[in-house]
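To start, the structure under review is shown below, and the notes come after it.
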Amino acid sequence: MTLPEVQNAISEKKICILIPTYNNEKTLRRVIDGVLDYTGNIIAVNDGSTDSTAQILTEYPQITVIALPENKGKGNALKVGFRKAKKAGYHHAITIDSDGQHYPDDIPVFVEALLQEKEYVLLIGNRNMSQDGIPKKSSFGNRFSNFWFWFETGIKLEDTQSGYRLYPLLKIPKKYFTPKFEFEIEIIVRTAWRHVPVKNVPIKVLYDPAERVSHFRPFKDFTRISILNTILVTITLLYIIPRNFVNNFKKKSFKRFIKEDVLESDGSNRTKAFSIALGVFIGFSPFWGFHTLLVISLSVLFKLNKVLAFVASNVSLPPFIPFIIAASLFLGSPFVHGDSNIVSSELNFELIKNNLFQYVIGSIILATTMSALSGIASFLFLNKLSPDNG
């Protein structure tokens with residue numbers, strides 16, 4: 001795209017550039033000057049900087065400046081910037097870090113990608129994390145984040161940690177629960193849950209130790225991110241996946257829903273065998289009361305046959321429960337110095353309560369063993385019936 005085309009598209013699509021900044025006096029001017037080559041629609045959020053940031057920003061009267069009295073974290077600065085951008089009538093915000101690692105001349109990459117979309121989209125810059133100069137801890141952290149983003153949304157991306165992004169302001173959530181670096185994970189996961197596509201676009205990146213000032217605190221921030229991912233995974237399994245399953249049922253005809261979301265008749269024998277193995281594992285596991293929820297959620301997550309998994313999970317029907325409990329207590333006894341003769345006692349809630357750890361260990365052993373045996377047997381049986389599908 002030519003420069004006039006980019007500038008016209010920024011105006012037509014109502015795009016602003018949001019620059020959160022905290023003590024980046026060495027690189028801030030360069031970033032702002034680079035962005036001004038494309039647009040004056042700039043919102044800079046000074047997140048309580050204690051260096052010369054405030055003075056530098058006074059040199060740019062043509063941009064909007066928000067000065068926060070104290071530093072509360074990048075997430076909070078972005079939230080403040082988003083609110084300001086929406087009030088100003090913008091529909092999209094491109095966020096660019098002020099530490100100099102992002103190149104303003106990649107703005108056309110985001111604009112062109114947006115023009116190719118027929119719906120609202122969240123775009124994340126895809127950095128080349130294998131290039132020289134990229135810290136190994138950053139590369140590992142990105143792979144870690146990519147995995148959990150896929151687990152929580154089903155979307156595979158190569159870079160989920162880049163701060164160079166284009167946000168659809170009218171589609172992102174209105175309220176958030178995290179104020180610091182973990183905010184950038186929360187917002188992309190929760191936006192994806194709202195059925196907004198999240199995609200990567202290729203960008204350049206510069207890591208200059210002499211100029212770049214990072215405010216990421218490895219232990220504290222990684223701990224906060226891990227806690228957030230634990231919460232997001234729980235919500236994914238207990239709410240998002242079941243919700244999407246129900247929504248698919250509502251949107252499709254009954255026949256199409258049964259064929260595509262339930263029967264999945266084109267699944268391979270390997271997939272069907274794994275589905276049965278998963279169902280048996282859940283059925284024998286000690287998660288009483290959550291079997292159906294777990295088996296449906298995990299089946300959707302790993303794209304297995306939901307009906308086969310659900311049917312197989314019913315090995316824990318009431319008539320079989322006493323035998324499952326007895327077998328679990330027996331298998332768990334050698335590992336907790338329990339009494340294997342306990343199974344000859346009357347089976348009741350009090351017995352399980354007094355020997356809970358023995359029961360849990362035994363039930364996991366039983367679930368794993370029966371799952372493996374049923375999976376192998378199912379695969380061999382299905383492959384004998386229809387070897388071409390395996």
Side-chain angles (χ1 to χ4, degrees), residues 14-22 43-45 47 66 68 71-88 90-98 101-102 110 113-114 117 119-127 141-142 144-201 203 215-216 221-236 239-240 243-244:
K14 299 182 179 180
I15 302 172
C16 71
I17 311 299
L18 178 58
I19 308 175
T21 183
Y22 175 62
I43 299 175
V45 182
D47 189 22
I66 301 174
L68 302 180
N71 176 252
K72 291 187 177 181
K74 185 179 182 182
N76 181 69
L78 288 172
K79 285 185 281 187
V80 171
F82 289 151
R83 286 197 295 268
K84 182 67 173 180
K86 290 176 71 174
K87 287 182 180 179
Y90 294 111
H91 290 182
H92 305 273
I94 296 177
T95 58
I96 181 171
D97 292 346
S98 62
Q101 69 164 300
H102 301 149
F110 289 92
L114 177 62
E117 297 291 331
E119 57 185 341
Y120 283 100
V121 64
L122 194 160
L123 302 174
I124 302 176
N126 181 15
R127 303 162 293 175
N142 191 51
F144 179 85
S145 178
N146 294 347
F147 170 78
W148 288 115
F149 179 74
W150 164 79
F151 193 98
E152 292 151 6
T153 67
I155 301 172
K156 288 188 177 181
L157 296 179
E158 295 182 9
D159 192 345
T160 53
Q161 288 196 318
S162 172
Y164 209 172
R165 303 177 176 184
L166 183 145
Y167 289 99
L169 295 175
L170 304 182
K171 293 294 182 179
I172 58 177
K174 295 181 179 179
K175 294 184 179 180
Y176 303 92
F177 307 99
T178 54
K180 298 184 182 295
F181 283 100
E182 70 273 15
F183 169 82
E184 291 185 295
I185 295 174
E186 179 191 351
I187 189 171
I188 62 173
V189 171
R190 292 183 58 205
T191 301
W193 285 350
R194 295 163 70 96
H195 307 294
V196 175
V198 181
K199 300 180 181 181
N200 277 143
V201 293
I203 62 168
H215 303 291
F216 185 82
D221 288 320
F222 186 78
T223 299
R224 295 172 70 97
I225 289 171
S226 297
I227 293 172
L228 172 64
N229 276 318
T230 300
I231 295 172
L232 293 176
V233 166
T234 302
I235 295 173
T236 297
Y239 173 68
I240 298 299
R243 180 203 68 180
N244 292 345

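Because the structure is predicted, anything quoted here is derived from the model rather than measured.
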Run the side chain to side chain contact (heavy atoms under 4.5 Å, CB included) check on Thr178 and Arg224 step by step: do they pass?
CA-CA 9 Å; Thr178 54; Arg224 295 172 70 97; 5.7 Å; no
To the closest 0.5 Å, what do you measure between CD (Gln161) and CD1 (Ile225)?
6.0 Å
May I ask you to test the Leu228-Phe183 pair for a side-chain heavy-atom distance under 4.5 Å?
no
Shortest non-hydrogen pair, Thr153 vs Ala192, comes out as CG2-CB, 3.8 Å
Do the side chains of Thr191 and Pro173 get nearer than 4.5 Å, heavy atoms only?
yes
On the 0 to 90° scale, with breaks at 30° and 60°, tag the Tyr167-Phe82 ring pair as parallel, tilted or perpendicular.
perpendicular
Can you check whether Arg190 reaches Tyr176 side chain to side chain, under 4.5 Å on heavy atoms?
yes
In a check of side chain to side chain contact (heavy atoms under 4.5 Å, CB included) between Glu152 and each of Thr234, Asn229, Ile240, which one passes?
Asn229
Is there a donor-acceptor pair closer than 3.5 Å between any side-chain N or O of Glu186 and the backbone N or O of Phe177?
yes
To the nearest 0.5 Å, tell me how far Ile43 CD1 sits from Leu18 CG.
6.0 Å
Roughly how far, to the nearest 0.5 Å, is CZ of Arg165 from CD1 of Ile203?
10.5 Å
With side chain to side chain contact (heavy atoms under 4.5 Å, CB included) as the test, would you mind laying out the steps for Val189 and Phe149 before giving the verdict?
CA-CA 7 Å; Val189 171; Phe149 179 74; 3.7 Å; yes
Closest heavy-atom pair, His102 versus Ile96, reported as atoms and distance to 0.1 Å, is CB-CG1, 3.6 Å
Side chains of Leu122 and Lys171 in contact at under 4.5 Å (non-hydrogen atoms):
no
Determine the minimum heavy-atom distance between Glu119 and Pro197, stating which atoms define it.
OE2-CG, 3.4 Å
Pairwise distance OG1(Thr230) to CD1(Ile235) - rounded to 0.5 angstrom:
11.0 Å
Return the minimal non-hydrogen interatomic distance between Lys74 and Gly163, and the atom names on each side.
NZ-CA, 4.1 Å
Other residues, nucleotides, ligands: >12 heavy atoms within 6.0 Å of Lys86 NZ:
yes
Closest contact, heavy atoms only, Asp159 versus Gly125:
OD2-O, 3.3 Å
State, yes or no, whether a side-chain contact exists between Leu68 and Asn76 at a heavy-atom distance under 4.5 Å.
yes
What distance do Ser162 atom OG and Asn142 atom CG have between them, rounded to the nearest 0.5 Å?
8.5 Å
Any side-chain heavy-atom pair of Leu157 and Trp150 under 4.5 Å
no
Heavy-atom distance under 4.5 Å between the side chains of His91 and Tyr120, does that happen here?
yes
Atom CD1 in Ile124, atom CD in Glu158: separation rounded to 0.5 Å?
12.0 Å
Report yes if some heavy atom in the side chain of Val45 is under 4.5 Å from a heavy atom in the side chain of Lys84; otherwise report no.
no
Between the main-chain N or O of Asn200 and the side-chain N or O of Asn126, is there a donor-acceptor pair closer than 3.5 Å?
no
Polar side-chain atom of Asn146 near backbone of Lys156 as donor-acceptor pair, under 3.5 Å
no
Run the side chain to side chain contact (heavy atoms under 4.5 Å, CB included) check on Leu78 and Glu184 step by step: do they pass?
CA-CA 9 Å; Leu78 288 172; Glu184 291 185 295; 4.0 Å; yes
Take Thr160 and Trp148 through the side chain to side chain contact (heavy atoms under 4.5 Å, CB included) test and state the conclusion after the steps.
CA-CA 10 Å; Thr160 53; Trp148 288 115; over 6 Å; no
In terms of heavy-atom contacts, His195 and Asn244 come closest through CE1-OD1, 3.5 Å
Would you call the rings of Phe147 and Phe151 parallel, tilted or perpendicular, taking 30° and 60° as the class edges?
tilted
